[in-house]
Amino acid sequence: MGFFDTLSETLASTSKVVGSKTKEVASTTKLSIQISQEEARLKKAYEALGEAYFKNHEEDMPEQYAVYGADIREAAARLDSLMKEKQILKNQKRCVSCGAWIPNEDRFCGKCGAENEILEKEAEAEKTDSEEVENVDAEQVVHVADGQTENSEETE
């Protein structure tokens, strides 16, 4: 019977070790999740603070932060331009009152109810042509990082 007693003791001690390791892993995982949540919360708070500061001090920003202000204005302008381009492709216009995107054929804004001019698709196409939008050949590759366009055959 000594063999079975030894086996029983070994199994009992092994199960205690496994149980404690399982608790340790569970506790570590729980803490890791809590840490990630707090890091995300902190990042969000920093972003909100930065946005509030920028809005309140855009005109009188100290010199050491001016580079950030310039980057924000440039990125916002590029974003606005890209959004306009996308909405033109989607046959949409901005509401004259609230700025929401609405279909060109809608007379009233679905967000604020303001009356808007109905735009014809051809009129919008003429507007795009008059802005001299460049057509990029399908064989060209756009290098976004440096803003240059290069023929893909030359890069191969």
Side-chain angles (χ1 to χ4, degrees), residues 1-106 108-114 116 124 128 131 133-152 154-156:
M1 290 271 239
F3 170 76
F4 289 112
D5 290 336
T6 305
L7 180 61
S8 176
E9 288 174 18
T10 303
L11 289 175
S13 68
T14 303
S15 68
K16 286 180 185 178
V17 170
V18 169
S20 70
K21 287 292 183 185
T22 302
K23 285 180 184 177
E24 181 183 320
V25 169
S27 295
T28 303
T29 302
K30 183 179 178 183
L31 286 173
S32 293
I33 290 170
Q34 290 174 336
I35 289 168
S36 293
Q37 289 172 337
E38 287 305 314
E39 286 174 338
R41 184 175 171 209
L42 182 61
K43 183 178 179 180
K44 190 174 180 180
Y46 275 128
E47 289 171 356
L49 173 64
E51 184 176 352
Y53 182 86
F54 178 78
K55 287 179 180 178
N56 290 325
H57 298 283
E58 186 173 2
E59 300 302 321
D60 63 341
M61 192 169 294
E63 187 67 30
Q64 73 246 34
Y65 303 121
V67 67
Y68 300 115
D71 285 346
I72 290 170
R73 284 187 285 282
E74 287 175 16
R78 283 192 310 270
L79 178 62
D80 188 52
S81 175
L82 292 169
M83 291 288 292
K84 285 178 184 174
E85 231 179 286
K86 179 183 174 189
Q87 299 309 53
I88 288 170
L89 289 173
K90 291 175 70 176
N91 197 30
Q92 292 184 336
K93 63 185 175 195
R94 283 215 186 253
C95 170
V96 294
S97 178
C98 71
W101 289 103
I102 58 175
N104 284 342
E105 60 275 358
D106 284 5
F108 297 97
C109 176
K111 185 174 182 182
C112 72
N116 285 267
E124 194 64 44
T128 302
E131 292 173 353
V133 175
E134 290 184 29
N135 291 327
V136 178
D137 190 4
E139 293 182 7
Q140 291 181 331
V141 176
V142 177
H143 294 278
V144 177
D146 60 11
Q148 296 179 1
T149 305
E150 207 173 273
N151 192 320
S152 63
E154 295 173 3
T155 60
E156 293 183 58

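All heavy atoms count here, side chains included; hydrogens, waters and symmetry mates do not. Keep in mind that this is a model prediction, so the values were computed, not measured.
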Side chains of Phe54 and Met61: does their closest heavy-atom pair fall under 4.5 Å?
yes
Point-to-point distance, once rounded to the nearest 0.5 Å, from CD1 of Ile102 to CD of Gln87
11.0 Å
Quick check: do Cys109 and Cys98 have side-chain heavy atoms less than 4.5 Å from each other?
yes
Taking C-beta and beyond as the side chain, do Lys93 and Asn116 meet within less than 4.5 Å on heavy atoms?
yes
For Lys111 and Ala100, the nearest pair of non-hydrogen atoms, with its separation, is CD-CB, 3.9 Å
Between Leu79 and Met83, is any pair of side-chain heavy atoms under 4.5 Å apart?
yes
Please tabulate, for side-chain N and O atoms in residues 31-53, each donor-acceptor pair with protein atoms closer than 3.5 Å (sequence neighbours left out).
{"unit_1": "Ser32", "atom_1": "OG", "unit_2": "Thr28", "atom_2": "O", "d": "3.0"}
{"unit_1": "Ser36", "atom_1": "OG", "unit_2": "Ser32", "atom_2": "O", "d": "3.2"}
{"unit_1": "Glu51", "atom_1": "OE2", "unit_2": "Lys55", "atom_2": "NZ", "d": "3.0"}

Provide the full list of salt bridge (Lys or Arg N to Asp or Glu O under 4.0 Å) pairs with a residue in residues 56-66, sequence neighbours left out, each pair given once.
Glu58-Arg73
Keeping the roles fixed (side chain from Ser27, backbone from Lys23), state whether a donor-acceptor pair exists under 3.5 Å.
yes
Shortest non-hydrogen pair, Lys84 vs Trp101, comes out as CA-CH2, 3.7 Å
